[in-house]
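The structure's right below; bear with me while I get my questions together.
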Amino acid sequence: MITRLPDLITIYTEEGRQAFTGAQGALADARYILTLKDDLLLAELTAEQTPLCYLRLRWHFTPEEKRAEPVRIYGDAWERAGGNLEWRGIVPERCMPWFALVSNGTDAEQAREGRKTEGFGVKTQPGAMCFWQYDASGVTLWMDVRNGGRGVVLGGRTLRAAEILFRTYENCTAFEAGQRFCREMSRGARLPKHPVYGANNWYYAYGVSSHDQILEDARIAAELCAGNENAPYMVIDDGWSPNPKNGPWDRGNSAFPDIPGLAASIRAQGVRPGIWVRYICDEDHVCGLPDGWHLSYNANYLDPSHPGVLDYIRQTTRRFVDWGYQLIKFDCSTQDILGRRGYKIPYVIAEDGWRFHDRSKTSAEIITNFYRAIREAAGDDTVLIGCATISHLSAGLVELGRTGADVNGMSWDITRRMGVNTLAFRMMQHGAFYDVDADCVGITGEIPWAQVGLWLDILSRSGTPLFVSCKPGILTDAQLAELREAYARNSVQRDKLIPLDWMENICPERWLLNGREIHYDWFADDVSVMFAGKSL
């Protein structure tokens with residue numbers, strides 16, 4: 001299917017809706033403009049005072065466009081996935097954020113002749129929150145241009161809601177097609193200057209840590225990575241600030257009395273220091289910021305559309321850089337801004353009835369500007385990990401994107417479900433949007449090594465970043481040797497890993513590693529049984 005004008009266009013405002021055909025149409029003072037240029041369809045909206053909510057585009061398949069053979073359909077996620085990415089049959093009501101792939105056949109045997117994969121998507125950093133629906137008769141794109149839960153008031157400016165592209169890839173696997181489509185959607189990835197890997201203390205400490213414990217973790221990382229051509233990172237996760245999961249971010253708590261000095265001490269061990277932050281959270285106003293800087297529907301969180309909040313975020317970011325931290329992991333912003341975790345967001349990203357401080361911008365624009373403020377303040381030499389950031393909006397602004405919900409150092413079921421799924425299904429975005437971070441390896445002694453060692457092995461061979469949270473003193477010499485080997489392998493990230501049975505299995509077991517098939521049996525030593533979503 002080629003990129004073309006839609007057959008039906010519907011504008012939704014706070015007052016009502018109206019359907020149109022053609023490249024332009026107007027409802028009161030609101031107007032849409034569709035422009036075809038260079039295999040892209042630009043969708044724009046403008047209005048004076050009419051609050052705009054959605055723009056819906058519908059394409060009816062012509063007889064030539066309608067797929068006659070059985071197909072499977074891939075749909076992406078708003079931000080982090082929740083172990084739920086998959087290829088499915090036609091589900092007309094399915095919400096597929098940002099892009100969808102429609103493919104025949106299977107990747108399991110890597111057959112290419114006769115394969116055909118279509119991509120329906122929008123370029124990264126759009127001005128709207130976009131999702132697709134696919135049915136037997138056509139394809140639909142919804143563009144949510146609201147401001148929070150109210151219509152955006154553009155004040156006469158023109159909004160570039162999305163740049164839309166349709167592509168068809170023939171005689172290649174669905175994975176290869178997905179890689180190519182992600183690169184075509186991308187405005188350009190911002191990739192790290194060196195492979196990023198190392199240690200993170202969250203998945204064994206869970207917020208209970210200290211200055212001395214971090215230094216011990218850094219010492220262990222330095223020892224395990226000795227001789228590697230690329231130094232590891234030591235990321236201080238949540239637990240260092242005066243209030244759990246909350247600021248202020250200008251000092252540490254009693255267990256972290258000298259945060260700048262800690263960065264210097266980590267560097268002295270030949271390890272790169274990194275730090276975690278939750279910019280938007282201000283529960284009980286502990287950060288001492290003005291009341292007018294908070295979201296109207298929940299005063300525990302900051303409003304990123306407010307200029308003062310953006311200045312505060314820039315100042316906080318520059319402080320981390322001045323302290324000597326070379327990596328910043330910023331977390332939880334989607335749920336803090338929109339009130340929902342990314343993988344739990346349904347069709348509508350925000351509840352009706354509330355708006356941001358600045359009502360002239362869409363939610364997508366406000367969130368992108370928030371990411372951009374961090375990027376500009378961090379500078380060119382600081383690595384950013386966007387954790388729980390909205391995928392298509394953060395692409396090009398962060399070096400690493402955390403692409404799945406949290407694994408768990410205590411539960412193999414959660415680690416397998418969240419980790420393996422996001423590694424397999426977001427792998428095609430690796431290097432196109434950012435470096436894909438499928439989350440850490442939590443080593444606590446609670447999960448048998450036979451299982452956690454599989455997760456360590458595949459991450460280390462994936463060519464994507466490997467972070468390990470290892471409780472000190474629990475590994476045998478043989479296990480330490482495996483960890484040392486995994487670090488060495490991942491310090492260069494030259495491996496190429498491709499899922500094979502991902503069109504039939506949301507937890508793929510068959511993979512292609514540098515052209516050779518390997519197999520992971522994720523259930524061989526499983527000590528738990530899944531029933532009704534609970535581990536028994």
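For clarity, every value in this text was computed on a predicted model and none was experimentally measured.
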(request) Identify, with sequence neighbours excluded, every residue that meets salt bridge (Lys or Arg N to Asp or Glu O under 4.0 Å) alongside Arg167. (result)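 With neighbours one apart ignored, the set is Glu184.
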
(request) Enter the distance from Leu165:CG to Glu163:CD here, rounded to the nearest 0.5 Å. (result)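 Here the rounded value is 9.0 Å.
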
(message) To the nearest 0.5 Å, what is the distance between CD1 on Ile506 and CD on Glu504?
(response)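 Between atom CD1 of Ile506 and atom CD of Glu504 there are 13.0 Å.
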
(request) Test Ile313 against every option in Val277, Leu302, Ile374 by the side chain to side chain contact (heavy atoms under 4.5 Å, CB included) rule and name the one that passes. (result)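 Option passing the side chain to side chain contact (heavy atoms under 4.5 Å, CB included) with Ile313: Ile374.
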
(request) Please round to the nearest 0.5 Å and tell me the distance separating atom SG of Cys332 and atom CD1 of Ile337. (result)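 One gets 11.0 Å once the value is rounded to the nearest 0.5 Å.
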
(message) I'd like to know if the side chain of Arg494 reaches the main chain of Gly463, judged simply by a donor and an acceptor atom lying under 3.5 Å from each other, with no hydrogens or angles considered.
(response)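 Pair absent, no side-chain N/O of Arg494 close to backbone of Gly463.
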
(message) Side chains of Gln125 and Arg160, heavy atoms from C-beta outward: is any pair under 4.5 Å?
(response)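 No - every pair of side-chain heavy atoms lies 4.5 Å or more apart.
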
(message) Angle between ring planes, Phe425 versus Tyr74, binned at 30° and 60°: parallel, tilted or perpendicular?
(response)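 The arrangement is parallel - the two ring planes meet at less than 30°.
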
(message) Within the structure provided, determine whether Asn200 and Trp276 are in side-chain contact (heavy-atom separation under 4.5 Å).
(response)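 Result no, sub-4.5 Å side-chain heavy-atom pair not found.
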
(message) For Arg115, is there an ion pair with Glu170 - N to carboxylate O distance below 4.0 angstrom?
(response)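 Not counted as a salt bridge, because no side-chain N and carboxylate O are separated by less than 4.0 Å.
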
(message) Could you check whether any side-chain heavy atom of Leu215 comes within less than 4.5 Å of a side-chain heavy atom of Met234, counting everything from C-beta outward?
(response)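 Answer no - side chains too far apart.
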
(message) Consider ring-ring contact (aromatic ring centres under 6.0 Å, His included). Of Trp249, Tyr325, Phe256, Trp202, which one does Trp240 pass it with?
(response)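 Exactly one candidate clears the test, Trp249.
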
(request) Take the angle between the ring planes of Phe99 and Phe433 and call it parallel below 30°, perpendicular above 60°, tilted in between. (result)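 Geometry flag for Phe433 against Phe99: perpendicular rings.
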
(message) I'd like to know if Arg180 and Glu176 make a salt bridge, using a cut-off of under 4.0 Å between side-chain N and carboxylate O.
(response)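 Salt bridge absent between Arg180 and Glu176.
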
(request) Would you indicate whether the side-chain heavy atoms of Leu500 and Glu109 approach each other to under 4.5 Å? (result)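 Result no, sub-4.5 Å side-chain heavy-atom pair not found.
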
(request) Indicate the atoms forming the closest heavy-atom contact of Pro465 with Leu400, along with that distance. (result)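 Looking at all heavy atoms of both residues, the closest pair is CG-CD2, 3.7 Å.
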
(message) When you measure from the side chain of Ser186 to the backbone of Arg183, do you find a donor-acceptor pair of N or O atoms at a distance under 3.5 Å?
(response)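 Answer holds: no.
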
(request) Quick one: sort the Tyr279 and Phe320 rings into parallel, tilted or perpendicular, breaks at 30° and 60°. (result)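 Rings of Tyr279 and Phe320: tilted, 30 to 60°.
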
(message) So that I can tick it off, tell me whether Glu376 and Arg318 are bridged by a salt bridge, with the cut-off set at under 4.0 angstrom between side-chain N and carboxylate O.
(response)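 Judged by the 4.0 Å cut-off on N to carboxylate O distance, Arg318 and Glu376 do not form a salt bridge.
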
(message) A side-chain contact here means heavy atoms from C-beta on lying under 4.5 Å apart; do Phe330 and Ile280 qualify?
(response)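 Sidechains of Ile280 and Phe330: no contact.
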
(request) Verify whether one side chain among Asp238 and Tyr206 offers a donor that lies under 3.5 Å from an acceptor in the other. (result)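 No, Tyr206 and Asp238 have no side-chain donor paired with an acceptor closer than 3.5 Å.
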
(request) Output every pair passing side chain to side chain donor-acceptor pair (under 3.5 Å) with a member in residues 217-228, not counting sequence neighbours, ordered by first then second residue. (result)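 Counting only pairs at least two positions apart or across chains, the side chain to side chain donor-acceptor pair (under 3.5 Å) contacts touching residues 217-228 are Tyr197-Asn228, Tyr204-Asp217, Gln213-Asp217, Glu216-Arg219, Arg219-Glu223.
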
(request) Please determine which of Arg402, Lys329, Arg278 meets the salt bridge (Lys or Arg N to Asp or Glu O under 4.0 Å) test together with Asp237. (result)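 Only one of Arg402, Lys329, Arg278 forms a salt bridge (Lys or Arg N to Asp or Glu O under 4.0 Å) with Asp237, namely Lys329.
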
(message) Using a strict threshold of under 4.0 Å (side-chain N to carboxylate O), is an ion pair present between Lys193 and Asp380?
(response)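 A salt bridge is absent here (no side-chain N lies under 4.0 Å from a carboxylate O).
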
(request) Assess whether atom NZ of Lys471 is packed by more than 12 heavy atoms of other residues, nucleotides or ligands within 6.0 Å. (result)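 For Lys471, atom NZ is not crowded (no more than 12 foreign heavy atoms under 6.0 Å).
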
(request) Would you check if there is a donor-acceptor pair between the side chains of Gln429 and Asp76 at a distance under 3.5 Å? (result)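 Judged by distance alone, the side chains do pair up.
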
(request) Compare all side-chain heavy atoms of Gln179 with those of Cys182 and state whether any distance is below 4.5 angstrom. (result)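 Sidechains of Cys182 and Gln179: no contact.
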
(message) Please report the interatomic distance SG(Cys440) to CH2(Trp455), rounded to the nearest 0.5 Å.
(response)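 Answer for the SG-CH2 pair, Cys440 versus Trp455, is 9.5 Å.
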
(request) Side-chain contact test, heavy atoms from C-beta onward, threshold under 4.5 Å: evaluate it for Thr464 versus Asp437 and give yes or no. (result)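 No, too far: nothing below the 4.5 Å cut-off.
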
(request) Please check if any side-chain donor atom of Tyr434 sits under 3.5 Å from a side-chain acceptor atom of Ser391, or the reverse. (result)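 Result is yes, a qualifying pair exists.
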
(request) Using a 4.5 Å cut-off on heavy atoms from C-beta on, say whether the side chain of Trp98 contacts that of Thr124. (result)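 SC-SC contact between Thr124 and Trp98 ruled out.
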
